[in-house]
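What follows is a set of notes on a single structure, which appears directly below.
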Amino acid sequence: MTDNTHSGALVSIGELARSTGLAVRTIRFYCDEGILESQRSAGGHRMFDADSATERLLLVRRLRALGLGLDSITDVLQEERSMTEVIAAESARLDIEFRSLAWRRASLRAMETAAPAQRAERLALLAAAQDGDAVHDCLVRFWRRILAPIPRCDSDMWVCWNVPEPPADPSVDEVVAYAELAALAADPGMNSAVRQQYWRHRPELIRDPRALYISMDNVIVDVVPLVAEGVRPHAGTELDRFVNAHADARGEHDSPRFREQLLIDATDSDHRIHRYWALTERFFGPRVTIGRAHNWLYNALANSTTSPIHGHPNQRSLP
């Protein structure tokens, strides 16, 4: 405050500007926005309570220095939200902004490191995946379409376990791999291939998809340790349970003929499926993916049949 102002005194907009260091036009703007109260003198000039106006303007100035917007500041001043709430909201907003900037930085570095002959292809790949959270949502929708007959309350845990979260600060390799996952999920042929792999031959005969899904999930849980231990695909309890789950779902019984039917038009060797799971392993680390467990069962099934069925002439193991 200036020397000629005191508690409870009214000051002009010019005096308030000098005492707070704010421009007159800024104070006038705050008045117009309802942030600062004033009253009119007999001559029609804005007058302010020296103490309360100074205190409020200093608070606004400090909150603005933290990057808070006027809407948030107004909410605090009008006691619609606490300072703790608006600061938490701004912090969360910055987290999102930093993630977006980190993603862009990794994408730019990915372009810098690309060989000249690869730059056009990489640019198209990265340009279609410039929001990691949006790509994650795309991958979630992809798997929900694959598991569409299953209620989301049952399938959401599976989806969460098998869809990698976008890294908060991705490396060049990670941003390229995540963008490639998005491209695979957007491929209509990939959707058909994965549905065929999961539901097998003639899925229209499946009477209770949910029951098959639960049975398959239980089998996968037991196959994962075998894959982790490097056990080669073989006939046995796990394969029998896999076949029985599909047979029961179709009202049939396990037999050599039925096992061969499960391999008709098999897509398990589709390079896109193998590529998808190889990419996810970059984010999951040593964890065995569902893709590797499925591949173990496919190879065990193919090894257990003797007739050459179209769709599995070249068995292939995921790395």
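Treat the numbers as computed from the prediction; the structure is a model and nothing was measured.
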Spell out, as yes or no, whether a donor-acceptor pair under 3.5 Å connects the side chain of S91 to the backbone of A88.
no
I73 and L68: which non-hydrogen atoms are nearest, and at how many Å?
CD1-O, 3.8 Å
If you count the non-hydrogen atoms of other residues, nucleotides and ligands that lie under 6.0 Å from CZ in R40, is the total more than 12?
yes
Walk me through whether V11 and S19 qualify under side-chain contact (heavy atoms from CB on, under 4.5 Å).
CA-CA 10 Å; V11 294; S19 68; over 6 Å; no
Do the non-hydrogen side-chain atoms of Q261 and R202 ever get within less than 4.5 Å of each other?
no
So with a 6.0 Å cut-off around CZ of R257, is the heavy-atom count from everything else above 12?
no
Whether the T74 and E33 side chains hold a donor-acceptor pair (N or O, under 3.5 Å, no angle test) is what I'd like checked.
no
From CD (E180) to CG (L126), nearest 0.5 Å
10.5 Å
Give a yes or no on this: more than 12 heavy atoms of other residues, nucleotides or ligands lie within 6.0 Å of atom CZ of F284.
yes
Does atom CG of D32 have more than 12 heavy-atom neighbours from other groups under 6.0 Å away?
yes
Connected via hydrophobic side-chain network under 4.5 Å: F98 and I87
no
Could you tell me whether the side chain of Q78 reaches within less than 4.5 Å of the side chain of R81, counting heavy atoms only?
no
State the CG-SG distance between D131 and C138, to the nearest 0.5 angstrom.
11.5 Å
For the residue pair R259 and D240, what are the closest heavy atoms and their distance?
NH2-OD1, 2.7 Å
List the atom of A266, the atom of R200, and the distance in Å for their closest heavy-atom pair.
CB-NH2, 3.8 Å
Cluster link L125 to L108, ILVMFWY, side chain under 4.5 Å
no
Kindly determine whether Q197 and D270 satisfy side-chain contact (heavy atoms from CB on, under 4.5 Å), including the steps that lead there.
CA-CA 9 Å; Q197 180 196 35; D270 191 299; over 6 Å; no
Any chance you could lay out the side-chain contact (heavy atoms from CB on, under 4.5 Å) test for D222 and T237, step after step, and finish with the verdict?
CA-CA 10 Å; D222 291 337; T237 303; over 6 Å; no
Is there a continuous path of hydrophobic side-chain contacts, each under 4.5 Å between heavy atoms, that joins M157 to I146?
no
Would you say M83 and L77 are hydrophobically clustered, going by side-chain heavy atoms of ILVMFWY under 4.5 Å?
yes
Are any side-chain N or O atoms of S215 and backbone N or O atoms of A211, one a donor and one an acceptor, separated by less than 3.5 Å?
yes
Kindly give the heavy-atom pair with the smallest separation between A177 and L279, and that separation in Å.
CB-CD2, 3.8 Å
Does any N or O in the side chain of R122 come within less than 3.5 Å of the main-chain N or O of A110, such that one atom is a donor and the other an acceptor?
yes
Atom CZ of R210 with >12 non-hydrogen neighbours under 6.0 angstrom
no
Close side-chain approach of W296 to V224, heavy-atom, < 4.5 Å:
no
Side-chain contact test, heavy atoms from C-beta onward, threshold under 4.5 Å: evaluate it for F258 versus H201 and give yes or no.
no
Please work out which of the three classes, parallel, tilted or perpendicular, describes the rings of Y178 and W103, given edges at 30° and 60°.
perpendicular
Separation between CZ (R61) and CG (L59), nearest 0.5 Å, reads 12.5 Å
With the side chain counted from C-beta on, respond yes when F29 and L70 share a heavy-atom pair under 4.5 Å apart, and no when they do not.
yes
Can you confirm whether R104 is buried at CZ, in the sense that more than 12 heavy atoms of other residues, nucleotides or ligands lie under 6.0 Å from that atom?
no
Which heavy atom in A300 sits nearest to a heavy atom in P233, and how many Å separate them?
N-CB, 3.6 Å
Starting at OG of S41, measure out to CZ of R46 and round the result to the nearest 0.5 Å.
11.5 Å
Around atom CD of E55, are there more than 12 heavy atoms from other residues, nucleotides or ligands closer than 6.0 Å?
no
Step-by-step side-chain contact (heavy atoms from CB on, under 4.5 Å) determination, D133 to R99:
CA-CA 9 Å; D133 291 330; R99 284 169 64 94; 3.2 Å; yes
Kindly determine whether F242 and H246 satisfy ring-ring contact (aromatic ring centres under 6.0 Å, His included), including the steps that lead there.
CA-CA 7 Å; F242 171 81; H246 279 280; 5.0 Å; yes
Going only through I, L, V, M, F, W and Y residues with side-chain contacts under 4.5 Å, is there a path from V227 to W161?
no
Closer than 4.0 angstrom, basic N to acidic O: yes or no for R282 and D173?
no
Pairwise distance CG(N299) to OG(S269) - rounded to 0.5 angstrom:
7.0 Å
Could you tell me whether D248 and R207 have a side-chain N and a carboxylate O separated by less than 4.0 Å?
no
Heavy atoms from other residues, nucleotides or ligands near CD of Q130 exceed 12 (cutoff 6.0 Å)
yes
Validation row: L36, L16 side chains within 4.5 angstrom (heavy atoms):
yes
Donor-acceptor contacts under 3.5 Å from residues 181-194 side chains, at least two apart:
| from | atom 1 | to | atom 2 | distance (Å) |
| --- | --- | --- | --- | --- |
| D187 | OD1 | G189 | N | 2.8 |
| D187 | OD2 | R272 | NH1 | 3.3 |

NE2/H45 to OG/S38 distance, rounded to the nearest 0.5 angstrom?
13.0 Å
Does N218 reach the side chain of R241, with side-chain heavy atoms less than 4.5 Å apart?
yes
Quick one: does V163's side chain get under 4.5 Å of F142's, heavy atoms only?
no
If every non-hydrogen atom of L297 is compared with every non-hydrogen atom of E238, which pair is closest and at what distance?
CD2-O, 4.1 Å
Of all residues at least two apart in sequence or in a different chain, which pass the side-chain contact (heavy atoms from CB on, under 4.5 Å) check with E165?
H136
Would you call the rings of Y213 and Y198 parallel, tilted or perpendicular if under 30° counts as parallel and over 60° as perpendicular?
tilted
